[in-house]
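Have a look at the structure below before the remarks.
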Amino acid sequence: MEFPFDTTRLFHLDQDGITVLSGKDFSSYSGVTVSNKFGARGTTNAKSAGSAIEQIALMVDRMGDASSKAQQLPQTITTMGRFAGTNQRLYLKVDKNTVQGLLKVGERTIFYRDFTGKCKELNPVCVLDFYVHESLQRMGIGNLLFMNMLKHERVLPNKLAYDRPSPKLLKFLAKHYDLVNYVPQNNNFVIYEAYWKVRSADAELRDP
Ligand code: ACO
C-alpha cells in the first residue's frame, strides 16, 4: 500500500524492514486529535497527515481498514485510535513509500473448553490482526512478519491464540507451523491442541 511519503524514515527498522510499535508509546495520541481526522470507517485523512505521528496513524488506519475489508469484517479492528494507549504490539513491514504488512498481537483472557467440556482460564498472547497487501501475498512476507513477532514476543506458534482466524491464516499456520487440530470454541479464538503438548521455558513463564 503506497503513501505520499517515505515510510521507512519514520521507524527503527531491522534488516527485514520490520518495526514493532507499542500501543503504550502512543498514549499521547488523543481522542480529540483522532476524531478530527476520522473518515467514514475511522480512517485518517491523507491530506492532513503531516507530522510523524500523523503519518504513522495514517499507515495504521489504512492498513487496518484494508485488513478488515480483506477479512470481510463489518468494521475496522485496527486503527491508531484503538491501538493507542493499549498494551498491544503492532508489527509493520515497510519499504520505500509503502507498507507491505501488518501484524497485531496482545494478551487476552480466554475461557477455553476442552473436548470433555472442562473449562480453563488462559491469558495467552493472541494474534488479533494479520494482513499482507493483496499484491504481495504468498511471497513469504507474512511468514517474515510472523517469525519476527515470535522472536520479539519470545513465544512459540503453538502457544499463541488466534482471534477468528481466516481460511488463509488457517492454511498459513498448517503450512509453516504444522498447526492443524483444534477444538472449536464459542468465543471464536483458536487454540491448537499442540498448545497443551509442547511447553517451552518461555511458555512456562507466561502460563505456569
Ligand atoms: N489461499 C490459500 N492459502 C493462502 C492464501 C490464499 N489466497 N494466501 C496465503 N495462504 C497461505 C498458504 O498456506 C500459503 O502457502 P502456499 O502459497 O504454498 O499455498 C501461505 O499462506 C503463504 O505464506 P506467506 O507468503 O508467508 O503468507 P502471506 O504473505 O500471504 O501472508 C496472510 C499470510 C497474512 C494470511 C495473507 O494471506 C493475508 O493478508 N490474507 C488476507 C487477510 C487475512 O485473511 N488475514 C488473517 C486474518 S485472521 C487474524 O488476523 C487473526
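Numbering of ligands and ligand atoms starts at 1, following listing order.
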| message | Given F189, F130, F146, F172, identify the one with the heavy atom nearest to atom 42 (C) of ligand 1. | response | F130
| query | Just which atoms of ligand 1 are under 4.0 Å from any heavy atom in D129? | reply | 50 (O)
| query | Counting only heavy atoms, which portion of P165 has something under 4.0 Å from ligand 1: side chain, backbone, both, or neither? | reply | backbone
| said: Can you confirm whether the side chains of E153 and Y91 place a donor and an acceptor under 3.5 Å from each other? | reply: yes
| task | Say whether D14 and N148, considering side chains only, have a donor N or O and an acceptor N or O under 3.5 Å apart. | result | yes
| task | Look only at the side chain of R89 and the backbone of N87, and say whether a donor-acceptor pair between them is shorter than 3.5 Å. | result | yes
| query | How does R164 reach ligand 1, if at all, at less than 4.0 Å between non-hydrogen atoms: by side chain, backbone, both, or neither? | reply | backbone
| field | Polar atom proximity, Y162 to ligand 1 (N or O, under 3.5 Å) | value | no
| Hey, are K168 and Q137 close enough side-chain-wise for a donor-acceptor pair under 3.5 Å? | yes
| said: Out of all atoms in ligand 1, which are within 4.0 Å of some heavy atom of I141? Include the element for each. | reply: 29 (O)
| message | Check contact between H176 and ligand 1, using heavy atoms of the residue and a distance below 4.0 angstrom. | response | yes
| query | Can you check whether G140 has an N/O within less than 3.5 Å of an N/O in ligand 1? | reply | yes
| Judged by atom type as modelled, is there a donor-acceptor pair below 3.5 Å linking the side chain of N187 to the main-chain atoms of F111? | yes
| field | Under-4.0 Å heavy-atom contact with ligand 1, by part of Q71 that carries it | value | side chain
| For A70 and ligand 1, does the shortest N/O to N/O distance drop below 3.5 Å? | no
| said: Given L169, V127, V190, N143, identify the one with the heavy atom nearest to atom 26 (O) of ligand 1. | reply: N143
| Atom indices of ligand 1 within 4.0 angstrom of M139 heavy atoms, with elements | 25 (O)
| request: May I ask you to check whether F172 and F146 place their ring centres under 6.0 Å from each other? | output: yes
| task | Would you kindly specify which portion of K171 sits under 4.0 Å from ligand 1, judged on non-hydrogen atoms: side chain, backbone, both or neither? | result | both
| field | K104 NZ/CZ over F130 ring centroid, <6.0 Å and within 45° of normal | value | no
| Hey, does Y131 come in under 3.5 Å of ligand 1, counting only N/O atoms on both sides? | no
| field | Side-chain donor/acceptor of N97 to backbone N/O of F3, under 3.5 Å | value | yes
| request: Would you check whether G142 has a nitrogen or oxygen atom less than 3.5 angstrom from a nitrogen or oxygen atom of ligand 1? | output: yes
| So is D163 polar-close to ligand 1, meaning N/O to N/O under 3.5 Å? | no
| message | Below 4.0 angstrom, counting only protein heavy atoms, does anything approach atom 47 (C) of ligand 1? | response | yes
| said: Would the distance check show the side chain of E193 and the main-chain N or O of V183 forming a donor-acceptor pair, the cut-off being under 3.5 Å? | reply: no
| said: I'd like to check whether V132 has a polar contact with ligand 1, where a contact means an N/O of the residue lying under 3.5 Å from an N/O of the ligand. | reply: yes
| query | Given Q137, R138, K69, which one has a non-hydrogen atom that is nearest to atom 9 (C) of ligand 1? | reply | R138
| query | Is it the case that more than 12 heavy atoms not belonging to Q72 sit under 6.0 Å from its CD atom? | reply | no
| message | Test your reading of the model: is there a side-chain donor-acceptor pair from T19 to the backbone of H12, 3.5 Å cut-off? | response | yes
